[in-house]
Amino acid sequence: MTGKRHKARILALQALYEVDSVARPPETAIERILTEAGLHEEISEFSLDLFRGVIKNMKEIDRNIRKYAPAYPVEQLAIIDRNILRLAIFEILFDNKVPIKVAVNEAVELAKAFGGGSSAKFINGVLGSVSAVADRQNTR
């Protein structure tokens, strides 16, 4: 299942990237990507839930990026890095369906696969700060 969820995250990331880079309507982007992927319905649903969750909570997610990476304006981040962060922050702060470590590790793997040379380190650093706050909130 882990490999399938990783694939679902990649598809959600691709759709987020498409929406962000060419202003494609969100539902058009995700439906096209999921149709082309031809995944099992359960995995498609996971991808769709992630994608829609990020889209729905985008403003709040971006506020968190600004808070935890104040030296890097959201609008100036590489599109792929911005959307990896959005996906992971959604999973950590809003979705709560996977352990925080899993969300961080998945984001770092996505950054290694699709980001630039320093993307993984940058994303790990930002998510480390987000995770510390999420851990404190979860222990209350």
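In this text, all values refer to a predicted model and were calculated from it rather than measured experimentally. Values reported hereafter were calculated over all heavy atoms of this structure, with side chains retained and with hydrogens, waters and symmetry mates removed.
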Quiz item: How many angstroms lie between CG in Leu48 and CD in Glu31, if you round to the nearest 0.5 Å?
Solution: 8.0 Å
Quiz prompt | Shared hydrophobic cluster for Ile84 and Val102 (ILVMFWY, side-chain gaps under 4.5 Å) | solution = no
Self-check item: Residue pair Ile80, Leu110: steps toward the side chain to side chain contact (heavy atoms under 4.5 Å, CB included) verdict
Solution: CA-CA 9 Å; Ile80 195 70; Leu110 291 172; over 6 Å; no
Quiz item: Taking all non-hydrogen atoms of both residues, which atom of Leu87 and which atom of Arg9 are closest, and how far apart?
Solution: CD2-O, 3.7 Å
Practice problem: Would you check if Leu39 and Lys7 make a side-chain contact, meaning some heavy-atom pair closer than 4.5 Å? | Solution: yes
Quiz item: For Glu109 and His6, does a side-chain donor sit closer than 3.5 Å to a side-chain acceptor?
Solution: no
Quiz item: Tell me, do Leu13 and Phe51 make a side-chain contact under 4.5 Å, heavy atoms counted?
Solution: no
Quiz item: Distance from Asp95 atom CG to Phe90 atom CZ, nearest 0.5 Å?
Solution: 4.0 Å
Quiz item: So, do Arg66 and Asp62 sit near enough that their side-chain heavy atoms are less than 4.5 Å apart?
Solution: yes
Self-check item: side chain to side chain contact (heavy atoms under 4.5 Å, CB included) evaluation trace for Val19 with Thr28
Solution: CA-CA 9 Å; Val19 168; Thr28 302; over 6 Å; no
Exercise. Please report the shortest heavy-atom distance between Arg86 and Ile65, naming the atom on each side.
Key: CG-CD1, 4.0 Å
Quiz item: What closest approach, in Å, do Arg82 and Asp20 show between heavy atoms, and which atom pair accounts for it?
Solution: NE-OD2, 2.7 Å
Quiz prompt | Student check: side-chain heavy atoms of Phe94 and Val54 closer than 4.5 Å | solution = no
Quiz item: Is the gap between the ring centers of Tyr17 and Phe114 under 6.0 Å?
Solution: no
Exercise. To the nearest 0.5 angstrom, please state how far the NZ atom of Lys67 sits from the CD1 atom of Ile89.
Key: 11.0 Å
Self-check item: Nearest atoms (heavy-atom pairs only) where Ile33 meets Gln14
Solution: CD1-C, 3.7 Å
Exercise. Check Ala88 against Ala103 and note the closest heavy-atom contact, atom names and distance.
Key: CB-O, 4.2 Å
Quiz item: Which value, rounded to the nearest 0.5 Å, describes the distance between Ile92 atom CD1 and Ser131 atom OG?
Solution: 4.0 Å
Quiz item: When clusters are formed by joining ILVMFWY residues with side-chain heavy atoms under 4.5 Å apart, either directly or through shared neighbours, do Ile55 and Ile79 land in the same one?
Solution: yes
Practice problem: Check whether any side-chain N or O of Ser44 sits under 3.5 Å from a backbone N or O of Glu41 as a donor-acceptor pair, and report yes or no. | Solution: no
Quiz item: Looking only at heavy atoms, what is the nearest atom pair of Tyr68 and Ser129, with distance?
Solution: CD2-CB, 3.8 Å
Exercise. Might you confirm whether atom CD of Glu36 has over 12 heavy atoms from other residues, nucleotides or ligands at distances under 6.0 Å?
Key: yes
Quiz item: If Ile, Leu, Val, Met, Phe, Trp and Tyr residues are connected whenever their side-chain heavy atoms lie under 4.5 Å apart, and connections chain through other members, are Val130 and Val133 in the same group?
Solution: yes
Practice problem: Report yes if the side chains of Arg5 and Glu106 come closer than 4.5 Å at any heavy-atom pair, otherwise no. | Solution: no
Self-check item: Point-to-point distance, once rounded to the nearest 0.5 Å, from CG of Asn124 to OG of Ser118
Solution: 12.5 Å
Self-check item: Within-4.5 Å side-chain heavy-atom neighbours: Arg52 and Ile30
Solution: no
Exercise. Could you tell me the separation between the CZ atom of Arg24 and the CG atom of Leu16, rounded to the nearest 0.5 Å?
Key: 13.5 Å
